[in-house]
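For reference, the structure is listed below as structure tokens.
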Amino acid sequence: MIESLSEYLVSEVVLNSRLRRLTDNAMSLNSLALKEDTEGSLLGHPLDVYLLIRRMAIDWKEVKDLLRTKDQRLSDVQMRQIGGHSNHTNAVNVTFGAKLVSSSQQIITNKELNDAAIGVINLVNTYDLDIKSLANGFIRSKSSSGAEVTSHENQSKLALNTFDCYLIGKQSFDNKEYLNAKQWLKEAVHRLDDMTSDEIIADIFNYLSFFEQKIGKPSEAQKYKRLSVAIKPDIETNELISESKERSVNDTNGIFGVKDKPIFGLSANVYQLCRGERLMNDSIVSKLMCFYLNTTKTPILTRIKVEEMYKSPQIVVIHDFLSEYETQTIISLAQPSVFWDRQHKPLQTISRRIGAITGLNMNFADEYNVIKYSVGGYADDHYDGYRITLNISWPVWQRMATWINYLSDVGAGGATVFPLINVTVWPTKYSAVFWYTLDKSGELNGQTLHGGCPVLVGRKWIAGKWFPWMGQEFRKPCDPYDRQSRHYIQ
Ligand SMILES: O=C(O)CCC(=O)C(=O)O
Ligand SMILES: [Fe+2]
């Protein structure tokens with residue numbers, strides 16, 4: 001669509017500068033998005049993703065309107081694909097960025113724009129990002145322990161404008177994150193220009209007046225109110241900013257600025273773990289070891305580097321497990337995302353190594369499940385098996401263990417976290433993480449709850465392999481009367 005519109009515009013020579021600017025912006029963002037699909041490295045910044053969606057939602061609507069008034073020939077211009085992303089991989093996309101990519105049939109809707117704003121808010125909350133820096137295109141954490149991604153390549157190509165900060169501020173308000181909302185709206189004020197509509201300016205001042213009133217600064221509130229009314233005399237006053245807004249503030253037990261809505265996970269420590277804070281007791285940490293695995297079972301195994309992340313239930317990271325060739329093979333075969341690995345030679349070799357390390361029978365393992373997370377993509381906390389009790393029959397499809405290969409490095413974020421035992425596993429290309437979900441008794445180990453943190457910068461590719469219970473009874477026999485023992489690798 002962008003290309004056909006552009007051709008049309010060039011031929012008409014009736015362009016005004018506004019139209020030219022809008023199309024130029026969209027063209028450069030569009031080529032960014034297209035490049036991303038083939039090279040996998042662009043659109044790796046939250047603002048690039050947000051801005052692309054905004055351009056599609058807002059600017060194109062404007063282009064369309066401008067053209068309509070100029071020339072009815074717009075109807076000849078095919079409103080075809082946005083972004084041209086039809087050949088995206090079939091891998092699961094748990095992300096607001098990917099939503100854009102897959103919704104190529106239609107003009108992006110306001111709902112998608114709001115989702116993009118929510119994506120930005122989620123990242124701000126999870127990684128405790130400094131809003132001022134982010135609005136300027138930099139990713140910087142407020143706290144010293146948080147994500148610190150300040151290198152040049154992690155700066156967005158474009159900073160946010162008044163409308164963006166206003167939209168994200170309003171969305172934060174709806175999420176009851178009032179302090180963040182206020183900060184976003186202040187950023188909106190800093191960016192006011194003659195492109196901003198009076199409607200929006202008045203609304204920003206109206207919100208700010210409301211915030212100042214709430215935190216007990218009536219004179220500041222008055223100041224903003226005057227500004228707001230000067231622009232739009234008929235604007236609702238503070239007191240009337242609407243019943244629902246008033247009520248939603250009271251919902252937070254009167255504490256102004258409380259973040260009461262986790263985006264994923266059940267507990268606050270999920271966020272801390274995602275940010276890389278160390279929460280594990282020193283006494284537990286001191287017992288964790290790194291070692292070379294000795295096995296004579298297969299000659300392929302020479303030096304397998306194992307790092308214990310937790311003792312019991314045992315969670316281990318296998319460093320440098322895959323080669324570049326093996327990694328690329330899995331990624332290229334990941335269409336469709338589930339496939340039989342037995343036909344591919346490199347995959348057979350990988351399987352033999354996994355079998356030798358874990359002691360599991362690979363003939364009964366699931367196929368790889370390859371997942372690509374884009375910026376903002378995450379996996380909610382979950383167990384890989386079902387909670388069942390011993391008095392009911394043992395389903396053979398119950399999952400017993402999980403192996404995850406990390407197929408990429410991640411610019412920032414994207415850790416795999418176990419919030420109940422304070423374990424953070426950082427995704428590093430070529431490495432793998434492994435744990436048993438079931439104890440020796442056959443019961444699910446309640447401490448293996450885990451999730452994937454939102455990707456902050458870049459991409460995260462993983463290939464997961466689950467092991468159903470069936471087929472492992474001779475390798476890892478269970479004992480329903482042993483309620484203490486766990487399974488271990490080898
Ligand atoms: O993305 C992650 O790090 C975890 C994914 C996961 O737990 C799963 O696919 O079952
Ligand atoms: Fe999982």
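Start at 1 with the first residue, then count along the sequence. Indexing begins at 1, ligand by ligand and atom by atom, following the structure's order. Small disclaimer: the values here were computed from a predicted structure and weren't measured.
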| field | Validation row: Arg275, Tyr271 side chains within 4.5 angstrom (heavy atoms) | value |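 SC-SC contact between Arg275 and Tyr271 confirmed.
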| said: What I'd like to find out is whether the side chain of Glu177 reaches to under 4.5 Å of the side chain of Val124, using heavy atoms alone. | reply: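 No, their side chains stay 4.5 Å or more apart.
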| query | If you draw the axis of the six-membered ring of Tyr436, does the NZ or CZ of Arg486 fall within 45° of it and under 6.0 Å from the ring centre? | reply |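 Not flagged: Arg486 not positioned over aromatic ring of Tyr436.
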With heavy-atom distances below 4.0 Å as the criterion, list the atoms of ligand 1 near [X].
X      : answer
Tyr373 : 1 (O), 2 (C), 5 (C)
Thr416 : 2 (C), 3 (O)
Lys460 : 1 (O), 2 (C), 3 (O)
Ile462 : 1 (O), 2 (C), 5 (C)

| request: Give a yes-or-no answer on whether the side chains of Ser408 and Arg459 include a donor-acceptor pair shorter than 3.5 Å. | output: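 Checked: Ser408/Arg459 side chains show no N/O donor-acceptor pair below 3.5 Å.
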| field | Distance from atom 10 (O) of ligand 1 to nearest protein heavy atom, with residue and atom | value |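 Result: His382 NE2, 3.1 Å.
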| Of all the heavy atoms in Tyr378, does at least one lie under 4.0 Å from an atom in ligand 1? |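 Tyr378 does not count as a contact of ligand 1 under the 4.0 Å cut-off.
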| Tyr386, OH atom: more than 12 neighbouring heavy atoms under 6.0 Å |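 Incorrect, the count does not exceed 12.
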| said: Among the N, O or S atoms of Asp384, which one sits nearest to the Fe ion (ligand 2)? | reply: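 Answer by atom name: OD1.
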| said: Tell me the angle that NE2 of His450 and NE2 of His382 form around the Fe ion (ligand 2), rounded to 10°. | reply: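 NE2 of His450, the Fe ion (ligand 2) and NE2 of His382 span an angle of about 90°.
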| message | If we set the cut-off at 4.0 Å for heavy atoms, which region of Trp466 has an atom near ligand 1: side chain, backbone, both, or neither? | response |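 Contact part for Trp466 vs ligand 1: side chain (C-beta onward).
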| request: Classify the contact between Val425 and ligand 1 as side chain, backbone, both or neither, using a heavy-atom distance cut-off of under 4.0 Å. | output: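 Near ligand 1, Val425 shows nothing, with every heavy atom at 4.0 Å or more.
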| Any donor-acceptor pair under 3.5 Å linking the side chain of Asn269 with the backbone of Gln272? |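 Side chain of Asn269 to backbone of Gln272, a donor-acceptor pair under 3.5 Å: no, none is there.
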| request: Please work out whether the ring planes of Trp403 and Phe434 are parallel, tilted or perpendicular, with thresholds of 30° and 60°. | output: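 The rings of Trp403 and Phe434 sit tilted, inter-plane angle from 30° to 60°.
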